[in-house]
Amino acid sequence: MAAYTPSEIEARWQAAWDKEGVFTAVRDETKPKYYVLEMFPYPSGRIHMGHVRNYTMGDVIARYKISTGHNVLHPMGWDAFGMPAENAAMAIGGHPKTWTYDNIADMRGQMKPLGLSIDWSREFATCDPEYYGQQQALFLDFLEAGLIHRKNASVNWDPEDMTVLANEQVIDGKGWRSGAEVEKRDLTQWFFKISDYADELNAALEGLNNWPAKVRLMQENWIGESRGLQFAFSTTADAPKDHDRIEVYTTRPDTLNGASFVGISPDHPLAKALEADNAELAAFCAECRKGGTTAAEVETAEKMGFNTGITVRHPFDTDHHLPVYIANFILMDYGTGAIFGCPAHDVRDFEFATKYELPIISTFLPSEDADPKVTEAYVPMKTEKVFYNGGFAGEQWQTGEQAIATAIDFCESKGIGQGVTKYRLRDWGLSRQRYWGCPIPVVHCDDCGVVPEKKENLPIELPFDVTFDIPGNPLDRHPTWRNTPCPSCGKAALRETDTMDTFVDSSWYFARFTSPHADTPTVKEDAEYWMNVDQYIGGIEHAILHLLYSRFFARAMQITGHLPEGAIEPFNALFTQGMVTHEIYETKDERGRPVYHLPEDVKDGKLTDGTEVQITPSAKMSKSKKNVVDPLGIIANYGADTARWFVLSDSPPERDVEWTASGAEAAYKHLNRVHNISTRIAEMDKDNKGTGDDDLLRAMHKAIHDVTVGVESFGFNAAIAKLYGFTAVMQKTKAGYAAQHEAIKVLAQLMAPMTPHLAEDIWANQGGTGLATTAPWPKADEKMLVDDSVTLPIQINGKRRGEITVPADMPKDEVEKLALATQAVQKALDGGTPKKVIVVPGRIVNVVV
RNA sequence: GCCCAAGUGGCGGAAUGGUAGACGCGGUGGAUUCAAAAUCCACUUCUGUAACAGGAGUGCCGGUUCGAGUCCGGCCUUGGGUACCA
């Protein structure tokens, strides 16, 4: 009996697929197309199990769709710009370009043995000038269409290295290299006007039926549509010139009578005006500018305020004056950068008012007799009815929602502000002060200002001769690269040295795959045929930014004529998969610091020298914790099919999967078992008439049904559990050759999306025609799926107390009669009559006594 | 801080509001073997019993329902995101 030898089998069948070109996607109007895409990888240099899992899932879908007669596009590329390449250049020398392309070559080499159904002829990297040149063309078209503008934004500034830092490079408020305290600093930057599309991006979420509900919800909350009142407080005489009004936005205008102060952002124009001649106030604003720019950092910082001494008039009672504070928790980016504080109904305002001894005035209470002096912020759900003791519009008893609406109407009728809809979503700043990114194709001319580069000059290529020995953007200090004639007047001018955010690169690569080497960003016919992506697969960590930016880009590309109208929502279906995790093995060094150990160095909880390791629960595989398993090692030991089978088998795809050595071993044993069954059947006497053909074929049709449902619904682990069950049936069957031969061929086909190499091998050994990969998917016979009788559990008061077996089509009342006659029910009734009997046909009987 | 998830045996996990623990790992026992590996078979939530019976049980507290792992409200813990990591 020939043994299962994955290394030999896998190389052979990969060569056969290549030779036939089965994965090369060619436009074919006679077949339904199917575009399956996994989020492309960053070329870190080594593939990890997370990649194996992600690409195997996509591969299962792609291969399944091939066998159901689809023309499949399944491409692969590299998200190749970004900080790690520059960090590597700084840390170990070398050049980001060399580092990146070497990594790509390594990873491609590691990925190919997995036997993925990828059309490698469409491969590209976002750092290819051929790609980013087209991205520059898109930028110019977007600019012309008014989708891009320039404005100020604050960045993390390292005052020692004199550079901009990414959020990731700010650790505990300090620069990661210099250790200096980071500050916020304003820079003029380029922005995509994504906020103009907030309404549309929000409304269109509803149509994304094949996206996970959680992703739609996260995007909805991120866009953050709110209805509120915008109005102005007038300042009293002591305010500076041109600041006689402070415009505020509130989502709770019903609490206006509970206002006890006005808060403005440290970046508010009024704050900036006051800074000029108030040193103490300027010092406070400087203090607020310390620290990084992230929302988490800003919002978890201790609440600080500064009384400006200015007061404003309450719109309902102009004799009532409120103090104006500068407060560090108010963001200039949201609303108007100014709020009124109502401490009685906002936790943050309550904290602030307590700290600065400001009045706390309730405007509604849980009941009419509740104490109006609240001791903590009272913030009920907006749908809850409450008693308004300080209301000014609508009923005394009303919900927050009703009160807000009537308050807006009331204020509008009195000429105090307007009801407005606002969004939390901000414009997308795309400028980065870094080298390894797509250059922004504009020129700064003393006479003409900011001038777009001419399209015929694209791509604006990155210069190679740069160094990373000093902090900052090497493009800024390059001797010649910046110098260029103004595209408008021809005089000497300077290139923009900022490059684009890497999210720009990943916001349209899916469209580029439809015509990856064209000399325009896309080609109409190709985009029309292949778009949209039918199934997109990637990590939940991209739920908001990448996916929202891509949705915006698809709209912008449609407006500028680069995508058809039908592609404004580019991903028909989305699946977010979990991570691959592993236990962490840890010992301590002589100074008590943790030392981590690779799984391959640990056996039965001990190192090779016998030292016991401390085992901490599974966490995402990471190099620093050394809890990584190298896919190459697994492939060398067991083959790609085993790795593929295991990453799919143990957990639902959307959840994390824990890699265990024993699990991989079990997968390998199972594939051996299947291989041995196939060999046994191939060696059977062809005229053998056994017993139990019908049982085997029924099990086979059930397997076809269950696996098909599993694959189509991303229930890969469930599909694999069914395949284990069906394999066990095949192991024990005494059926004749014909039935067993049919069953093993079907088993090979059902396994083919997960373990394509083994499937091809069995298919060939059983005399199948052509390739298993392209053979039509088996169909389940409905008649073989139904059983004649069913066993129903009998519950008494919801607890299982017995069961009956009845014909599947028995009417309800007869089932009820039989159930009542059972010993368990008779005992429970004890001569009485049941209160109620619930019969759910085919499911359960519940007797209430 | 805010937004979104997840939490079920010794472990990974299964379960359209309808028998909680499919399938796999590990463990125990057995078959095979001179012996082992490999392979095959059986058992394996806890408690309880000689064995049945019985009782408890899906992070915690409460609710809806004939019936809740599943739905609702409030917590706890862990993970993801938080606009310059990708």
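Given the structure is predicted, the values throughout are model-derived calculations rather than measurements. In what follows, every chain begins at residue 1, and chains take the letters A, B, ... in the order their sequences are listed.
- Nearest to the side chain of Thr294(A), among A83(B), C2(B), C85(B), sits A83(B).
- Ion pairing of Lys193(A) with Asp427(A) is absent here, as no side-chain N (NZ or NE/NH1/NH2) approaches a carboxylate O to less than 4.0 Å.
- Residue-level contact check: Asn846(A) touches the bases, meaning some heavy atom is under 4.0 Å from a base atom.
- In this structure, Arg801(A) reaches the G55(B) phosphate: one of its side-chain N or O atoms is under 4.0 Å from OP1 or OP2.
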- Query: Are Val845(A) and Val837(A) close enough, and set up right, to give a side chain to side chain contact (heavy atoms under 4.5 Å, CB included), and what steps lead you there?
  - Reply: CA-CA 7 Å; Val845(A) 182; Val837(A) 182; 4.3 Å; yes
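- Nucleic acid contact class of Ile838(A) (heavy atoms, under 4.0 Å, all strands): base.
- Nucleic acid contact for Lys303(A): none, since no nucleic acid atom lies under 4.0 Å from a heavy atom of the residue.
- The environment of Lys734(A) atom NZ is sparse: at most 12 non-hydrogen atoms of other residues, nucleotides or ligands sit within 6.0 angstrom.
- Judged by distance alone with a 3.5 Å cut-off, a donor-acceptor contact links the side chain of Gln189(A) to the base of C84(B).
- Between His546(A) and Phe503(A), the angle of the ring planes stays under 30°, which puts this pair in the parallel group of the 30/60° scheme.
- Here Lys669(A) lies in heavy-atom contact (under 4.0 Å) with sugar-phosphate atoms only.
- With Trp190(A) as the aromatic partner, Arg150(A) meets the cation-pi criteria of under 6.0 angstrom to the ring centre and within 45 degrees of the ring axis.
- For C40(B), the OP1/OP2 oxygens have a side-chain nitrogen or oxygen of Gln731(A) closer than 4.0 Å.
- When all heavy atoms are compared, the tightest approach of Tyr42(A) to Gly82(A) is OH-O, 4.3 Å.
- Between Arg252(A) and Asp346(A), no side-chain nitrogen of the basic residue sits less than 4.0 Å from a carboxylate oxygen of the acidic one, so the salt-bridge criterion is not met.
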- If a protein heavy atom is under 4.0 Å from the base, mark B; if only from the sugar-phosphate, S; if neither, -; do that for nucleotides 19-24 of chain B going 5' to 3'. B--BSS
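- Between Lys355(A) and Glu302(A) there is a salt bridge, since a side-chain N of the basic residue sits under 4.0 Å from a carboxylate O of the acidic one.
- Contact annotation for Val155(A): base contact, defined as any heavy-atom pair under 4.0 Å involving a base atom.
- Using a 4.0 Å heavy-atom criterion, one finds that Val298(A) contacts no nucleic acid atom at all.
- In a base pair of the Watson-Crick type (N1 to N3 plus N6-O4 or O6-N4) or a G-U wobble (N1-O2 and O6-N3), with each distance short of 3.5 Å, C23(B) is matched with G12(B).
- Residue Trp222(A) is classed as a base contact, given a heavy-atom separation below 4.0 Å to a base.
- Ser431(A) comes within 4.0 angstrom of a base, heavy atoms only.
- When Watson-Crick and G-U wobble pairs are counted only if both distances are under 3.5 Å, U65(B) pairs with no nucleotide at all.
- Note on Leu425(A): a base of the nucleic acid sits closer than 4.0 angstrom, heavy atoms only.
- Summarising the base pairing, G7(B) is matched to C76(B) through a Watson-Crick or G-U wobble pair whose two defining distances lie under 3.5 Å.
- Residue Gly539(A) is classed as having no contact, given no heavy-atom separation below 4.0 Å to the nucleic acid.
- Side-chain atoms of Asn221(A) stay outside donor-acceptor range of the base of C3(B), with no qualifying N/O pair under 3.5 Å.
- Within 90° of 0 lies the glycosidic angle of G9(B), which makes this nucleotide syn.
- For A83(B), neither phosphate oxygen OP1 nor OP2 lies less than 4.0 angstrom from any side-chain nitrogen or oxygen of Arg426(A).
- In this structure, Phe503(A) reaches the bases: a heavy-atom distance under 4.0 Å links it to at least one base atom across the strands shown.
- Across all strands shown, G57(B) forms no Watson-Crick or G-U wobble pair with both key distances under 3.5 Å.
- Base pairing of U32(B) is not made with any nucleotide, judged by Watson-Crick or G-U wobble geometry with both donor-acceptor distances under 3.5 Å.
- With A5(B), C85(B), G81(B) as the candidates, the nucleotide lying closest to the side chain of Asn167(A) is C85(B).
- Within 4.0 Å of Val848(A), counting heavy atoms only, lie sugar-phosphate atoms of the nucleic acid but no base atom.
- Within 4.0 Å (heavy atoms only), His670(A) reaches no atom of the nucleic acid at all.
- Geometric assessment of Lys702(A) against the ring of Phe726(A) yields a negative cation-pi assignment under the 6.0 Å and 45° thresholds.
- Contact annotation for Pro41(A): no contact, since no heavy-atom pair falls under 4.0 Å across all strands.
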